[in-house]
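First up is the structure itself, then whatever we jot down about it.
In this text the structure is predicted, and so the values were computed from the model without any measurement. The figures here come from the full heavy-atom set of this structure, side chains too, leaving out hydrogens, waters and symmetry mates.
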Amino acid sequence: MRYLKHGSTFAACALLSLGLPAAYGAEPPLIQNAASRVALSLDGKWNVIVDPYENGYYDYRHEPYDAATPPRGGYFLDRKPASKSELVEYDFDTSPTLTVPGDWNSQDDKLFYYEGSVWYRRKFDFAPAAPDQRVFVHFGAANYQADVYLNGRKLGRHVGGFTPFEFEVTGALKPTDNSLVVKVDNARHADAVPTVNTDWWNYGGLTRDVSIIETPAAFIRDYQVRLEPGTTRTIAARVQLDGASAPVKVTLTVAGRTASAMSDGAGLATLRLNAPDLVAWSPENPKLYDATISAGADRVADRIGFRSIAVRGTDILLNGKSIFLRGVSLHEENPLRGGRAWSEADARLLLGWAKELGCNFVRLAHYPHNEHMARVADEMGLMLWEEVPVYWTIQWENPQTLANAKSQLTELVTRDRNRASVIVWSVANETPVSEPRTRFLRQLVDTARSLDATRLVSAAMEVHADPANPNHRIVDDPFGAYTDLLSFNQYVGWYDGVPDKLAQIEWSFGYQKPVVISEFGADALQGFHADALTRFSEEYQEDLYRKTLAMLERIPQWRGTTPWILVDFRSPRRPLPHVQDGWNRKGLIGSTGEKKKAFFVLRDFYHSKANPPAR
C-alpha cells in the first residue's frame with residue numbers, strides 16, 4: 001500500500017487506461033522491469049540505529065518530528081553537531097551497519113526476535129547518466145512499514161512487506177553526500193495484511209535491493225506483453241507511457257518481428273504482432289524470447305515466454321493440453337545461510353531443489369516472493385502460484401485493510417504479469433468462512449482479473465468434516481464459486497488422526513472444478529528415525545506421504561498438489577525443544593539441506609506422473 005507521497009514533479013499517468021486502481025495518493029503504477037533501467041545500486045553496508053521507542057520519529061510527548069523541529073530530534077535529518085556545545089543524541093556515522101538486502105534478524109543475534117523500528121542510512125554521490133533524466137529511488141521490498149527521507153525531506157511511506165515501491169526524486173539529488181534514511185518498522189498490527197498471527201518468521205528490514213534508477217523525461221512506465229487470448233501466434237501488448245505530452249510512436253520487437261503504434265492522449269499504446277513461428281513456453285521447453293519496447297528516447301528490454309493457461313471443466317489446460325501440477329510449497333527463506341532469501345542464487349538453490357524433486361509447479365507461499373524467483377522459474381520451466389498475505393483471520397470489514405490487500409496484490413501483479421511461469425494469482429490462505437470474508441476476497445478476485453485476465457485466480461481454502469460421517473470430508477466453501485481452481489489445505493494424518501486414517505477418507509466437492517491440494521504434510525526432524533507411528537520421525541512423514549498420495553489418487557478431479565513444504569523454515573509458533581526449536585519441520589529437506597525420506601517418496605510419485613506407463 002503506497003501513500004503520503006510528496007513532491008513528484010510529474011502528474012500521475014492514467015491508471016484506468018491499464019485497468020489499474022489508484023492507490024492512496026493517486027500514484028502511478030510501479031515502473032515495470034525496474035532492473036532493466038540505468039541504475040545506481042545502493043546495496044551494501046547501511047548504518048543503522050535500533051529504535052524500539054521510536055525516539056527518532058516522536059518527541060517525548062509522542063508528537064512526530066518534522067523538519068522544523070530543533071536539531072536534536074528527528075533521525076531523518078541525519079545531523080552532526082555544529083559545535084562542541086550542540087546536543088545531538090544520535091550519530092549514523094559511528095553506528096553499526098547491516099547489509100542490504102538482508103533482514104536484521106539473521107545479521108545480529110541481539111535482533112533475532114526484534115520487532116519494531118530500525119533506522120537505515122546510506123550516503124551516496126550521484127551523477128546522472130544523461131541530461132534531463134528523471135530519477136527514482138526504488139525498493140524491492142521493506143518489511144513492513146517504510147518511511148523514506150532524502151536529505152532530510154520526507155518522500156513518503158510504503159506499507160506492505162513483500163512488494164516493490166518507489167518515489168520520484170528528480171531534482172532532489174546532490175552531486176555528493178546525499179543522505180537516504182529509511183525507518184523500517186516490522187511491528188505486527190491487527191488491521192494489517194498479514195495480521196498479528198502467522199506461521200513464519202517476521203523478518204524485518206530492507207530485505208531486497210535498493211537502487212536509484214533513471215529514465216528519460218517521457219518513458220515506458222508499464223507494459224504487458226502476452227499471447228492474444230484464443231490465439232497461438234499473435235502477440236498483444238499494452239504499453240503505458242509516463243510524461244509524454246504528445247502522441248509517441250511505440251515499437252515492439254519480438255522473435256525478429258516488429259509492430260508499431262502511436263500512443264493516445266493518456267500515453268497508452270496497444271499493439272498486435274503476428275509471430276507465425278512462435279514456440280509456446282512450457283516446463284518441457286521453457287522458451288523465452290528477447291523482447292524490446294521503444295518509445296521516443298526510451299527503450300526497455302525483457303525476456304518473455306508465451307503460453308496460455310485455462311480451465312475447462314475439471315481440467316487445467318496449458319497451451320490447450322491437460323496438465324497435472326506436480327508441485328511443492330516453499331517459503332522465501334534460505335536455510336543454509338539463514339534468513340530471508342532475496343538473491344538470484346537463493347532462487348536457483350530453492351527452485352533447483354524443486355526441479356530435483358520432479359516438480360513442474362511451485363507455490364510461493366504466503367506472500368509475494370522476490371522477483372528473482374519468477375524470472376528464474378521462467379528459465380527453469382517451473383509454473384508458479386503467487387500469493388498475497390491475506391492469511392488466517394484479518395479485519396474483513398475494515399476498508400483500510402481491504403485497500404492494503406488490494407494495493408499489495410496490485411504491486412505483485414504489476415511486477416510479475418510478464419512472467420510466463422506465473423499461472424495462478426492466489427488471494428488468501430486458510431480464511432474462515434463468513435459473508436464479510438467472502439465479499440472481501442471476491443473484491444480481490446475482481447482486482448486480480450482487472451489487472452490481468454490471462455491467469456487463473458484461486459486461494460488456499462479449508463475442509464470441513466461431515467458431522468454424520470467421521471471419514472467424510474467436504475469442500476463447499478462459498479468462495480469457491482469465484483475461483484478457477486478448487487484448491488484447499490488438508491492435514492488428515494497429522495492434525496486429523498494418524499496416517500492409517502487416510503485409507504477411509506471420502507471426499508465431496510461443491511464445484512466441478514479442478515482440485516488442487518494446496519497443502520498436506522507432517523513434521524519430521526531430519527535424522528530422527530523411528531517406526532511409522534512415532535511423531536516427528538522421518539518414517540512417520542514418509543508413511544503419511546505414501547498414504548496421502550494413494551488417497552488423492554482416488555479423487556477423479558484431482559489435478560495437482562503443492563505439499564507443505566519443500567524446506568524446513570523458522571517459525572515462533574514451533575517451540576518444542578530438541579525437535580522443532582523454532583522451526584516448522586514439515587520440510588522435505590531439513591534445515592541443514594539434507595533430504596528426508598519423504599522427499600524420495602514424492603520424487604518417485606512425480607516421476608510416475610510425468611512418465612505414465614504406455615497403454
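Relative orientation of the Phe139 and Phe165 rings is parallel, given thresholds of 30° and 60° on the angle between their planes. Classified by interplanar angle (parallel below 30°, tilted 30° to 60°, perpendicular above 60°), the ring pair His369/Tyr367 is parallel. Under the 30°/60° scheme for interplanar angles, the aromatic rings of His331 and His366 are found to stand perpendicular. Using the six-membered ring where Trp is involved, Trp507 and Phe509 have ring planes that are parallel, under 30° apart on the 30 and 60° scheme. Taking the six-membered ring where tryptophan is involved, the planes of Phe536 and Trp494 are perpendicular, since the angle between them exceeds 60° and thus also 30°.
Between the side chain of Asp103 and the backbone N or O of Arg340 there is at least one donor-acceptor pair closer than 3.5 Å. Judged by distance alone, the side chain of Arg208 and the main-chain N or O of Ala141 form no donor-acceptor pair under 3.5 Å.
Side-chain contact annotation: Asp209 with Ser211, donor-acceptor N/O pair under 3.5 Å absent. Of the N and O atoms on the side chains of Ser458 and Ser487, at least one donor lies less than 3.5 Å from an acceptor on the other residue. Side-chain contact check for Asn186 and Glu115: no donor-acceptor pair (N or O, by modelled atom type) lies under 3.5 Å. Side chains of Tyr511 and Asp476: no donor on one and acceptor on the other come within 3.5 Å. In this structure, a donor-acceptor pair under 3.5 Å is absent between the side chains of Ser343 and His372. Side chain to side chain, Asn404 and Ser407 fail the donor-acceptor criterion of an N or O pair below 3.5 Å. In this model, a donor atom of one side chain and an acceptor atom of the other lie less than 3.5 Å apart for Ser426 and Glu387. Using modelled atom types, one finds a donor on one side chain and an acceptor on the other under 3.5 Å when comparing Gln224 with Asp452. Donor-acceptor pairing under 3.5 Å is lacking for the side chains of Ser282 and Asn285. A donor and an acceptor atom, one from each side chain of Ser322 and Arg312, are nowhere located under 3.5 Å apart.
Judged by a 6.0 Å distance limit and a 45° cone about the ring axis, Lys609 is not positioned over the six-membered ring of Tyr606.
Trp558 has its ring centre less than 6.0 Å from the ring centre of Phe324. The aromatic ring centres of Phe112 and Trp201 sit less than 6.0 Å apart. The distance between the ring centers of Trp583 and Phe569 does not fall below 6.0 angstrom.
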Trace of the side-chain contact (heavy atoms from CB on, under 4.5 Å) decision for Gln541 with Lys597: CA-CA 8 Å; Gln541 185 188 53; Lys597 296 180 76 173; over 6 Å; no

Chi angles and distances behind the side-chain contact (heavy atoms from CB on, under 4.5 Å) call for Leu350, Asn334: CA-CA 8 Å; Leu350 294 169; Asn334 183 328; 5.8 Å; no

CA sep, side-chain torsions, deciding dist, call: Asp523, Lys596, salt bridge (charged side-chain N to carboxylate O under 4.0 Å, His left out): CA-CA 11 Å; Asp523 285 72; Lys596 304 175 191 178; over 6 Å; no

Audit row: Arg570, Asn584, side-chain hydrogen bond (donor to acceptor under 3.5 Å, both in side chains) steps and yes/no: CA-CA 6 Å; Arg570 290 194 183 275; Asn584 186 310; over 6 Å; no

Steps toward side-chain hydrogen bond (donor to acceptor under 3.5 Å, both in side chains) verdict (Gln395, Asp191): CA-CA 6 Å; Gln395 294 186 354; Asp191 62 349; 5.8 Å; no

Criterion side-chain hydrogen bond (donor to acceptor under 3.5 Å, both in side chains) on Thr198 and Arg188, from CA distance to verdict: CA-CA 10 Å; Thr198 68; Arg188 291 166 291 129; over 6 Å; no

Candidate pair Asn489 and Glu462, rule side-chain contact (heavy atoms from CB on, under 4.5 Å), full reasoning: CA-CA 6 Å; Asn489 302 345; Glu462 292 185 299; 5.7 Å; no

Step-by-step ring-ring contact (aromatic ring centres under 6.0 Å, His included) determination, Phe520 to Trp564: CA-CA 5 Å; Phe520 75 83; Trp564 194 257; over 10 Å; no

Worked verdict on Val433 versus Phe479 for side-chain contact (heavy atoms from CB on, under 4.5 Å): CA-CA 8 Å; Val433 173; Phe479 181 58; over 6 Å; no

Salt bridge (charged side-chain N to carboxylate O under 4.0 Å, His left out) between Glu356 and Lys595, worked out: CA-CA 11 Å; Glu356 187 179 350; Lys595 298 177 180 65; 3.3 Å; yes

Worked check of salt bridge (charged side-chain N to carboxylate O under 4.0 Å, His left out) between Asp302 and Arg419: CA-CA 10 Å; Asp302 207 341; Arg419 304 280 67 85; 3.1 Å; yes

Evaluation steps, ring-ring contact (aromatic ring centres under 6.0 Å, His included), between Phe306 and Trp281: CA-CA 5 Å; Phe306 299 94; Trp281 183 97; over 10 Å; no

Trace of the side-chain hydrogen bond (donor to acceptor under 3.5 Å, both in side chains) decision for Asn105 with Tyr113: CA-CA 7 Å; Asn105 314 75; Tyr113 287 102; over 6 Å; no

Intermediate values then yes/no, salt bridge (charged side-chain N to carboxylate O under 4.0 Å, His left out), Arg303 and Asp378: CA-CA 9 Å; Arg303 298 185 70 216; Asp378 272 5; over 6 Å; no

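Among Arg439, Gln443, Glu397, the single residue meeting the side-chain contact (heavy atoms from CB on, under 4.5 Å) criterion with Leu402 is Gln443. Checked against Val390 for a side-chain contact (heavy atoms from CB on, under 4.5 Å), the options Asn429, Leu441, Thr401 give a single hit: Leu441.
You'll find the side chain of Thr548 stays beyond 4.5 Å of the side chain of Val492, heavy atoms only. Counting only heavy atoms from C-beta outward, the side chains of Arg363 and Met383 never approach each other to under 4.5 Å.
For His464, the NE2 atom counts as densely surrounded, since its 6.0 Å shell holds more than 12 non-hydrogen atoms of other residues, nucleotides or ligands. Counting non-hydrogen atoms of other residues, nucleotides and ligands closer than 6.0 Å to CG of Asn611 gives a total above 12.
In summary, Arg455 and Asp484 do not engage in a salt bridge, as defined by a charged side-chain N under 4.0 Å from a carboxylate O.
Applying the ring-ring contact (aromatic ring centres under 6.0 Å, His included) definition to pairs two or more places apart or across chains, none involves residues 407-431.
Taking the salt bridge (charged side-chain N to carboxylate O under 4.0 Å, His left out) definition, one finds that Asp199 meets it with Arg574, sequence neighbours left out.
In this structure, CD in Glu594 is found 14.0 Å from CG in Leu588, a value given to the nearest 0.5 Å. In this structure, OH in Tyr482 is found 9.5 Å from CG in Asp446, a value given to the nearest 0.5 Å. With rounding to the nearest 0.5 angstrom, the CG atom of Leu351 is 10.5 Å from the CD atom of Glu379.
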